[in-house]
Student: 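One structure, pasted below without further comment.
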Amino acid sequence: MGGKEAIRGFLYQGFATILESLTQEFWDRIYVEYPSNDDKVDIALEVNGSITKSIQVKSSINLFKKSDVAKWIKELTNDTKADEYEVVLIGSCDKSANDFVNSIVKYKSGIEDKKSEEALKGFDKSILDNHNISIKNLPIEEATLLGIVRDSLHRYISYKGYMLDFEALNLLSQSALSTQMLLGTKGSSQTKHEFDSKIFQWLELTSGGLKSKKLLARHNLLFYEQEQKILSNSLDGIYMDKYYYYKKFMVNLKKECIDLIDKISNIKLNPVERQKPMQTSNLFGIKSISDFFTTFAETKDSEKEEIINQVKSYFDIDLNGEYFFVGNLMEEKKLGVLGNYSYKYEGTETEKAKNELLNDFKYKLLQYEVILIFIEKIKKYFALPIVIQNVGDVQDENITIKLFIDKSIKVFRGDDYLKDDYLPIYLKMIDDEDNFIESIFKFKSDSKVKAGNSNSNFKHITNQGEIQINDFCNELDMYIAKPQYEDANYNVIELDVQNIRPSESKFVNKLVLLHSLNKDFEIKYKIISNKSNGSNEGILKISYQA
């Protein structure tokens with residue numbers, strides 16, 4: 001064997017040592033170039049002073065032949081007594097050698113055919129009857145061998161309860177092959193404990209410090225169907241008008257409207273002849289200006305008709321004119337600053353109470369109508385409530401979630417909402433205590449999933465007392481995720497979660513709205529954080545629903 005071949009054989013012998021030692025459990029001492037009778041044993045594993053496995057490693061850039069393999073089996077079994085024998089072939093076999101190796105497997109399993117009988121012709125089958133023999137054939141390409149070493153190291157490190165990222169594993173595998181760091185002296189041996197300690201010390205020194213799996217956070221990204229409290233990585237697309245919080249908000253608003261209808265209907269006022277308010281004049285016979293702003297508090301006929309039709313359409317309730325009757329209640333309208341009006345009422349307490357309830361009802365009914373109009377423009381978007389779940393053993397912090405949305409999928413963002421004549425009403429409703437945008441889009445914690453970072457309260461930017469239209473888009477963007485940048489074929493949404501404890505599930509802070517264009521689709525994701533192992537990646541699946 002020439003110098004190059006000797007080095008290659010030694011290198012692969014080192015590889016076989018690593019592979020064998022890391023994947024075999026039943027040994028307490030390992031030998032490299034075991035001092036046997038004929039020096040045919042390259043690697044030996046020992047248990048309680050007896051050789052449990054004897055290994056010979058052969059490598060060649062030429063094709064292995066049947067006669068070579070048969071010869072090495074005989075030499076190995078004759079050299080030393082062992083419970084198991086293995087010939088490791090690093091390189092390629094010709095057809096005869098392949099057939100021979102396959103036939104040994106068939107013979108050991110008790111299944112023989114004409115092809116296997118022919119392949120074993122001339123070979124002493126008693127060797128197979130009396131010895132436990134296996135043949136392992138590995139590729140000669142160092143890149144492939146490197147991958148096998150890397151996988152073996154990964155299994156070993158994981159078994160010990162530690163983790164390394166891919167780059168570190170790759171460098172360590174290259175080092176293990178190129179330096180043959182384990183054993184190099186003929187006949188030398190180490191106990192399993194010594195061998196294990198040496199590998200571990202070497203890994204600690206060369207990796208820059210192993211990370212315990214117990215000190216790592218691991219995450220999943222899931223959809224949350226809050227109505228059924230189901231977490232899953234797949235979801236039947238839920239249109240915005242079927243989204244949990246929208247439906248819940250509208251059910252509550254409908255109930256409030258119906259409750260007001262019942263309260264108002266239960267207030268009975270007897271019709272009486274209305275007396276016109278007395279008009280006052282000054283010395284010149286001119287009526288007081290207050291006379292022009294004092295009228296009966298009553299709903300206009302056109303407004304009555306509109307409300308009656310809406311109530312029938314929305315709630316299937318029939319109203320009549322008596323519903324709006326507030327007796328002789330007088331309404332005084334006073335002009336205030338900046339063109340605003342204030343109202344003062346004169347009448348019985350019952351009349352005032354019914355009128356106040358009617359005004360509350362009209363506003364609630366307006367809310368109901370306007371929110372239906374609002375949702376109409378985005379109801380074809382899928383609402384995707386996404387949750388991050390910590391399935392590791394430690395608390396994690398500064399988590400960044402990247403969602404990769406194919407560019408064929410439409411992503412909704414606040415400024416996509418088409419401006420219309422209702423925007424001033426939207427803004428007025430947002431500015432009230434009952435912010436319908438927050439009610440529909442903001443996630444609330446339940447027994448299974450917690451809310452993520454809290455959104456800041458809505459604050460209007462005012463200009464001489466007027467609310468800016470852009471505030472509406474900004475309000476939407478507080479609760480609805482939008483892409484931050486493009487990456488190849490994807491729009492990328494980034495979401496941040498400040499911290500998450502072990503076994504905790506958290507909403508990712510913003511709802512994702514996507515329009516599928518009538519097809520199933522997937523969202524690729526990547527999770528990066530302080531204490532996770534590099535990054536977690538995965539796929540969320542959405543099924544299109546017609």
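Every value quoted in this text rests on a predicted model; they were computed, and no experiment measured them. Every heavy atom of this structure was used, including side-chain atoms; hydrogens, water molecules and symmetry mates were not.
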Student: Answer yes or no: are there more than 12 heavy-atom neighbours, outside Lys312 itself, under 6.0 Å from its atom NZ?
Tutor: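 Above 12, so yes.
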
Student: Are the side chains of Glu346 and Glu332 in contact, using a 4.5 Å heavy-atom criterion?
Tutor: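 Heavy-atom side-chain distance check fails, nothing below 4.5 Å.
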
Student: Look at atom NZ of Lys352 and say whether more than 12 heavy atoms of other residues, nucleotides or ligands are closer to it than 6.0 Å.
Tutor: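 Yes, enclosed.
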
Student: How many angstroms lie between atom CG of Asn355 and atom CD of Glu331, to the nearest 0.5 angstrom?
Tutor: 7.0 Å

Student: Looking at side-chain heavy atoms only, is the closest gap between Ile437 and Tyr426 below 4.5 Å?
Tutor: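 No, every pair of side-chain atoms sits at 4.5 Å or beyond.
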
Student: Atom NZ in Lys519, atom CD1 in Ile542: separation rounded to 0.5 Å?
Tutor: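 So the gap between those two atoms works out to 11.5 Å.
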
Student: Kindly indicate whether the side chain of Tyr417, heavy atoms from C-beta on, has any atom under 4.5 Å from the side chain of Cys473.
Tutor: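 Sidechains of Cys473 and Tyr417: no contact.
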
Student: For a quick test of reading the model, state the closest non-hydrogen atom pair linking Asp446 to Gln226 and the distance between them.
Tutor: OD2-NE2, 3.1 Å

Student: Looking only at heavy atoms, which two atoms of Asp236 and Ser543 are closest? And how far apart?
Tutor: OD1-CB, 3.6 Å

Student: Nearest 0.5 Å please: distance from the CG atom of Asn359 over to the OH atom of Tyr345.
Tutor: 5.0 Å

Student: Mark yes when over 12 heavy atoms from residues, nucleotides or ligands other than Gln395 sit less than 6.0 Å from its CD; otherwise mark no.
Tutor: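 Enclosed.
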
Student: Between Val391 and His219, what is the shortest heavy-atom contact and its length?
Tutor: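 Here Val391 and His219 meet closest at CG2-N, 4.2 Å.
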
Student: Going by side chain to side chain contact (heavy atoms under 4.5 Å, CB included), Leu384 matches just one of Ile523, Leu511, Leu513. Which one?
Tutor: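 Among Ile523, Leu511, Leu513, the one meeting side chain to side chain contact (heavy atoms under 4.5 Å, CB included) with Leu384 is Ile523.
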
Student: Out of curiosity, Asp496 CG to Ile401 CD1, how far, rounded to the nearest 0.5 Å?
Tutor: 8.0 Å

Student: Within a reach of under 6.0 Å around NZ of Lys362, are more than 12 heavy atoms found that belong to other residues, nucleotides or ligands?
Tutor: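 Enclosed: over 12 neighbouring heavy atoms sit under 6.0 Å from NZ of Lys362.
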
Student: If we only count heavy atoms from C-beta on, is the Phe361 to Val311 side-chain gap below 4.5 Å?
Tutor: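 Yes. Closest side-chain heavy atoms under 4.5 Å.
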
Student: Using a 6.0 Å cut-off, check whether atom NZ of Lys263 has over 12 heavy atoms from anything other than its own residue.
Tutor: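 No.
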
Student: Ignoring hydrogens and geometry, is there a side-chain-to-backbone donor-acceptor pair from Glu351 to Asn328 under 3.5 Å?
Tutor: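 Looks like yes, one N/O pair under 3.5 Å.
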
Student: Is the side chain of Lys531 donor-acceptor paired with the backbone N or O of Glu397 at a distance under 3.5 Å, no angle test?
Tutor: no

Student: Partners of Glu522 by side-chain contact (heavy atoms from CB on, under 4.5 Å), sequence neighbours excluded?
Tutor: Ile539, Lys541

Student: If the test is ring-ring contact (aromatic ring centres under 6.0 Å, His included), which one of Tyr245, Phe249, Tyr479, Phe374 qualifies with Phe436?
Tutor: Phe374

Student: So, for Ile371 and Met250, which heavy atoms are closest and what is the spacing to 0.1 Å?
Tutor: CG2-SD, 3.6 Å

Student: For residues Gln484 and Lys482, report the shortest heavy-atom separation together with the two atoms involved.
Tutor: NE2-O, 3.2 Å

Student: Test your reading of the model: is there a side-chain donor-acceptor pair from Lys510 to the backbone of Val508, 3.5 Å cut-off?
Tutor: no

Student: Using the ring pair (Phe, Tyr, Trp, His ring centres under 6.0 Å) criterion, which residues pair with Tyr246? Sequence neighbours excluded.
Tutor: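 By the ring pair (Phe, Tyr, Trp, His ring centres under 6.0 Å) rule, Tyr246 matches no residue at all.
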
Student: Does any non-hydrogen side-chain atom of Arg501 lie less than 4.5 Å from one of Asn390?
Tutor: no

Student: Take Glu475 and Asn435 through the test side chain to side chain contact (heavy atoms under 4.5 Å, CB included) and record every step on the way to the result.
Tutor: CA-CA 10 Å; Glu475 176 75 354; Asn435 181 341; 2.6 Å; yes

Student: Among all residues two or more places apart in sequence or in another chain, which pass the ring pair (Phe, Tyr, Trp, His ring centres under 6.0 Å) test with Tyr368?
Tutor: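 Counting only residues at least two positions away or on another chain, Tyr368 forms a ring pair (Phe, Tyr, Trp, His ring centres under 6.0 Å) with Tyr314, Phe315.
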
Student: Go through Phe521 and Asp406 one step at a time and tell me if the side chain to side chain contact (heavy atoms under 4.5 Å, CB included) criterion holds.
Tutor: CA-CA 8 Å; Phe521 60 97; Asp406 191 279; over 6 Å; no

Student: Can you list the residues that meet the side-chain contact (heavy atoms from CB on, under 4.5 Å) rule with Gln228, with sequence neighbours excluded?
Tutor: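 Listed in chain order: Glu225, Ile230.
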
Student: Say whether, by atom type as modelled, one donor and one acceptor occur between the side chain of Asn474 and the main chain of Met478 under 3.5 angstrom.
Tutor: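 Flag not set: sc Asn474 to bb Met478 has no pair under 3.5 Å.
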
Student: Would you say Glu494 has more than 12 foreign heavy atoms packed within less than 6.0 Å of its CD?
Tutor: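 Result for CD/Glu494: enclosed.
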
Student: Before giving the answer on salt bridge (Lys or Arg N to Asp or Glu O under 4.0 Å), spell out for Lys255 and Asp259 the whole-Å C-alpha distance, their side-chain angles and the decisive distance to 0.1 Å.
Tutor: CA-CA 6 Å; Lys255 183 178 184 303; Asp259 286 346; 3.0 Å; yes

Student: So do Asn509 and Val497 actually touch side chain to side chain, heavy atoms under 4.5 Å?
Tutor: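 SC-SC contact between Val497 and Asn509 ruled out.
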
Student: Between the main-chain N or O of Ile308 and the side-chain N or O of Gln310, is there a donor-acceptor pair closer than 3.5 Å?
Tutor: no

Student: Let me confirm one number: the OG-NZ distance from Ser439 to Lys248, rounded to the nearest 0.5 Å.
Tutor: 10.0 Å

Student: Identify the two heavy atoms, one from Leu495 and one from Ala481, that lie closest to each other, and give their separation to 0.1 Å.
Tutor: CD2-CB, 3.9 Å

Student: Quick check on the 6.0 Å ring-centre criterion: do Tyr239 and Phe382 meet it?
Tutor: yes

Student: Indicate yes or no for a side-chain donor-acceptor contact from Ser265 to the backbone of Ile261 under 3.5 Å, with no hydrogens or angles considered.
Tutor: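 Indeed, once roles are kept as given, a pair shorter than 3.5 Å links the two residues.
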
Student: Go through the steps to decide whether Ser447 and Lys229 satisfy the test side chain to side chain contact (heavy atoms under 4.5 Å, CB included), and finish with yes or no.
Tutor: CA-CA 9 Å; Ser447 60; Lys229 289 187 168 50; 3.6 Å; yes

Student: Backbone N or O of Asn530 within a donor-acceptor pair of the Asn398 side chain at under 3.5 Å?
Tutor: no

Student: Evaluate the criterion side chain to side chain contact (heavy atoms under 4.5 Å, CB included) for residue pair Asn220 and Asn233; output intermediate values, then yes/no.
Tutor: CA-CA 9 Å; Asn220 289 331; Asn233 63 359; over 6 Å; no

Student: Using modelled atom types and a 3.5 Å cut-off, is there a donor and acceptor pairing between side-chain atoms of Asp520 and backbone atoms of Tyr544?
Tutor: yes

Student: Kindly compute the distance separating CD1 (Ile493) from CZ (Phe404), expressed to the nearest 0.5 Å.
Tutor: 11.0 Å

Student: List for me each residue that meets side-chain contact (heavy atoms from CB on, under 4.5 Å) alongside Leu358, sequence neighbours excluded, and say none if there are none.
Tutor: Ile264, Tyr323, Phe324, Val326

Student: Got a sec: does the NZ of Lys344 have more than 12 other heavy atoms crowding it under 6.0 Å?
Tutor: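 No.
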
Student: For the salt bridge (charged side-chain N to carboxylate O under 4.0 Å, His left out) test, which of Arg218, Lys524, Lys526 pairs with Glu537?
Tutor: Lys526

Student: Can you list everything that forms a side-chain contact (heavy atoms from CB on, under 4.5 Å) with Leu231? Sequence neighbours excluded, please.
Tutor: Leu222, Tyr224, Val387, Gln389, Lys448, Val449, Ser505

